[in-house]
Amino acid sequence: MASNSFYRPEQVGDWGAPVAASGASYAEDALQLADGTEIFFRTWQAADPGAPALVLLHGLGAHTGWFIDMGNQLNAAGLSVYMDDHRGFGRSGGPRGHVRRGSIFLDDLSRWLDEIQKRQPNAPLFLLGHSMGGIFATYLAADDARSGRGRVKGVVFVNPWVKEIIKTPLGAVLTGVPAGLLGSQKLFPLPPNPAVMTANPDAVRLLNEDRYWVSQQSKAFLVQLLRLRQGILRQARDVRAPALVLQSEEDRSVSKQHTRRLYEALASADKTWKTYPGFAHDFEFEPERSLLDADLADWILRHRA
């Protein structure tokens, strides 16, 4: 069961220590992309090579270290788990928190899904997108449906970034957006606030000491991500795979009402909505996260066919 004592200062940025289930295996690896950028990723390979493979897509500024305990728990429940640090985040290559083209993340992730399928050709593939990762998951699942590939067997959204709650000063918007459109690498003036992300004091300490946390992004990056975010509800209308939408009730980062709008926009004939009282935006740090882990694993295992 998850608790609030998984941070060890000697393991910077890691919430827990990687542990594979009996008969399973844990590994860290890197995938080189066409432009030479290396993407760091973690895998928990289930003992059964045909076990469902859950691909976790992290949110803005985050990295896979925050989800280690969750990977352990889901692997123990019988899933293979894959998670990457997106380009420019965590241990991956690329300019920190900066891109000139937002869709490059979708290209990267599509290439990574190809790699996962090579490693587990008989495993049903599920996506989980948290916050910004929810944007990516929507586009990937919609493209999968439009293409007819059908490789995404299910998609999970946890506190997806459909609409933010945090208010940005008008002056920062007026100066930041034009510079972002021109590709500025200067940081957008929005200081990080761990208290908005989690109420767990150990997690706040982890964040404050985490050199892998990209707590601010460039003006160009945020303009590109906002462009993707603006299309999320339109993309949702093309998502056909079964969907599970989970929302923390104490989320202070994204709008719960807009998460519900995403749920309603999904074209999935099989979709489920569930909320978690007391949970904050960065649910991975919640003391009672095992409740969510169990719901998630149960849903995936029931949809593996």
Side-chain angles (χ1 to χ4, degrees), residues 15 29-31 33 37 39-44 52-68 70-71 74-75 79-92 94 97 99 102-117 119-120 123-145 151-162 197 212-214 217 221 224-225 228-229 231-232 235-236 239 241-248 253-254 259 262 266 281-284 292-293 296 299-300:
W15 190 252
D29 206 343
L31 176 66
L33 302 172
T37 301
I39 301 299
F40 172 86
F41 64 93
R42 304 176 191 267
T43 66
W44 286 258
L54 175 64
V55 183
L56 189 151
L57 310 177
H58 68 71
L60 184 65
H63 61 85
T64 58
W66 298 0
F67 296 89
I68 289 174
M70 185 175 184
L74 294 175
N75 184 232
L79 306 181
S80 289
V81 182
Y82 292 80
M83 54 181 76
D84 78 309
D85 290 349
H86 307 320
R87 73 162 59 222
F89 292 92
R91 293 170 171 82
S92 286
V99 293
S103 60
I104 196 169
F105 290 112
L106 306 179
D107 296 342
D108 293 350
L109 291 168
S110 181
R111 170 69 184 87
W112 188 45
L113 293 181
D114 290 341
E115 177 66 21
I116 294 170
Q117 285 198 298
R119 292 172 177 238
Q120 278 195 258
L125 198 64
F126 291 80
L127 301 179
L128 185 157
H130 173 232
S131 195
M132 178 183 75
I135 299 175
F136 300 158
T138 307
Y139 277 82
L140 291 169
D143 181 70
D144 182 73
R151 68 176 174 182
V152 176
K153 302 306 180 185
V155 58
V156 181
F157 302 91
V158 186
N159 306 331
W161 183 12
V162 184
M197 301 164 61
Y212 295 112
W213 178 28
V214 181
Q217 296 76 40
F221 176 96
Q224 291 298 313
L225 261 292
L228 287 177
R229 191 211 66 181
I232 190 173
Q235 293 291 322
V239 174
L244 174 64
V245 183
L246 308 177
Q247 177 63 51
S248 298
S253 293
V254 302
T259 298
L262 172 67
L266 291 166
H281 181 71
D282 275 81
F283 70 101
E284 66 272 21
L292 186 150
D293 293 347
L296 174 59
W299 185 85
I300 291 174

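None of these values were measured; they are calculated from a predicted model.
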Would you give the length of the straight line joining atom [atom1] of [X] to atom [atom2] of [Y], rounded to the nearest 0.5 angstrom?
| X | Y | atom1 | atom2 | value |
| --- | --- | --- | --- | --- |
| Asp282 | Ser131 | CG | OG | 7.5 Å |
| Ile104 | Arg87 | CD1 | CZ | 3.5 Å |
| Leu109 | Leu127 | CG | CG | 9.0 Å |
| Leu54 | Trp44 | CG | CH2 | 10.5 Å |
| Trp112 | Leu33 | CH2 | CG | 11.5 Å |
| Thr37 | His86 | OG1 | NE2 | 14.5 Å |

Could you list the residues that satisfy salt bridge (charged side-chain N to carboxylate O under 4.0 Å, His left out) with Arg42, not counting sequence neighbours?
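For Arg42 the salt bridge (charged side-chain N to carboxylate O under 4.0 Å, His left out) partners, ignoring immediate neighbours, are Asp14, Glu28.
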
Has [X] got a side-chain atom pairing as donor or acceptor with [Y]'s backbone, closer than 3.5 angstrom?
| X | Y | answer |
| --- | --- | --- |
| His130 | His281 | yes |
| Ser92 | Phe40 | yes |
| Asp85 | Thr64 | yes |

Check [X] against [Y] and note the closest heavy-atom contact, atom names and distance.
| X | Y | value |
| --- | --- | --- |
| Ala241 | Val152 | CB-O, 3.6 Å |
| Gly134 | Ile232 | O-CD1, 4.1 Å |
| Asp293 | Leu74 | O-CD2, 3.7 Å |
| Gly102 | Leu228 | O-CD1, 3.7 Å |
| His63 | His58 | CA-CD2, 3.9 Å |
| Pro52 | Phe126 | CB-CE1, 4.0 Å |

Can you check whether [X] reaches [Y] side chain to side chain, under 4.5 Å on heavy atoms?
| X | Y | result |
| --- | --- | --- |
| Val254 | Gln247 | yes |
| Val158 | Glu284 | no |
| Ile116 | Thr43 | no |
| Leu266 | Val245 | yes |
| Met70 | Leu56 | yes |
| Asp84 | Tyr82 | no |
| Lys153 | Ile300 | no |
| Ile39 | Arg111 | no |

Check the pair Leu125, Gln120 against side-chain contact (heavy atoms from CB on, under 4.5 Å), reporting the backbone distance first and the verdict last.
CA-CA 9 Å; Leu125 198 64; Gln120 278 195 258; over 6 Å; no

If a pair satisfies side chain to side chain donor-acceptor pair (under 3.5 Å) and one of its residues is in residues 136-145, list it, with sequence neighbours excluded.
none

Sequence-distant partners of Phe105, ring pair (Phe, Tyr, Trp, His ring centres under 6.0 Å), two or more places apart:
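Result, ring pair (Phe, Tyr, Trp, His ring centres under 6.0 Å) vs Phe105: Phe136, Phe221.
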
Check against side-chain contact (heavy atoms from CB on, under 4.5 Å), Leu57 and Leu140:
CA-CA 11 Å; Leu57 310 177; Leu140 291 169; 4.1 Å; yes

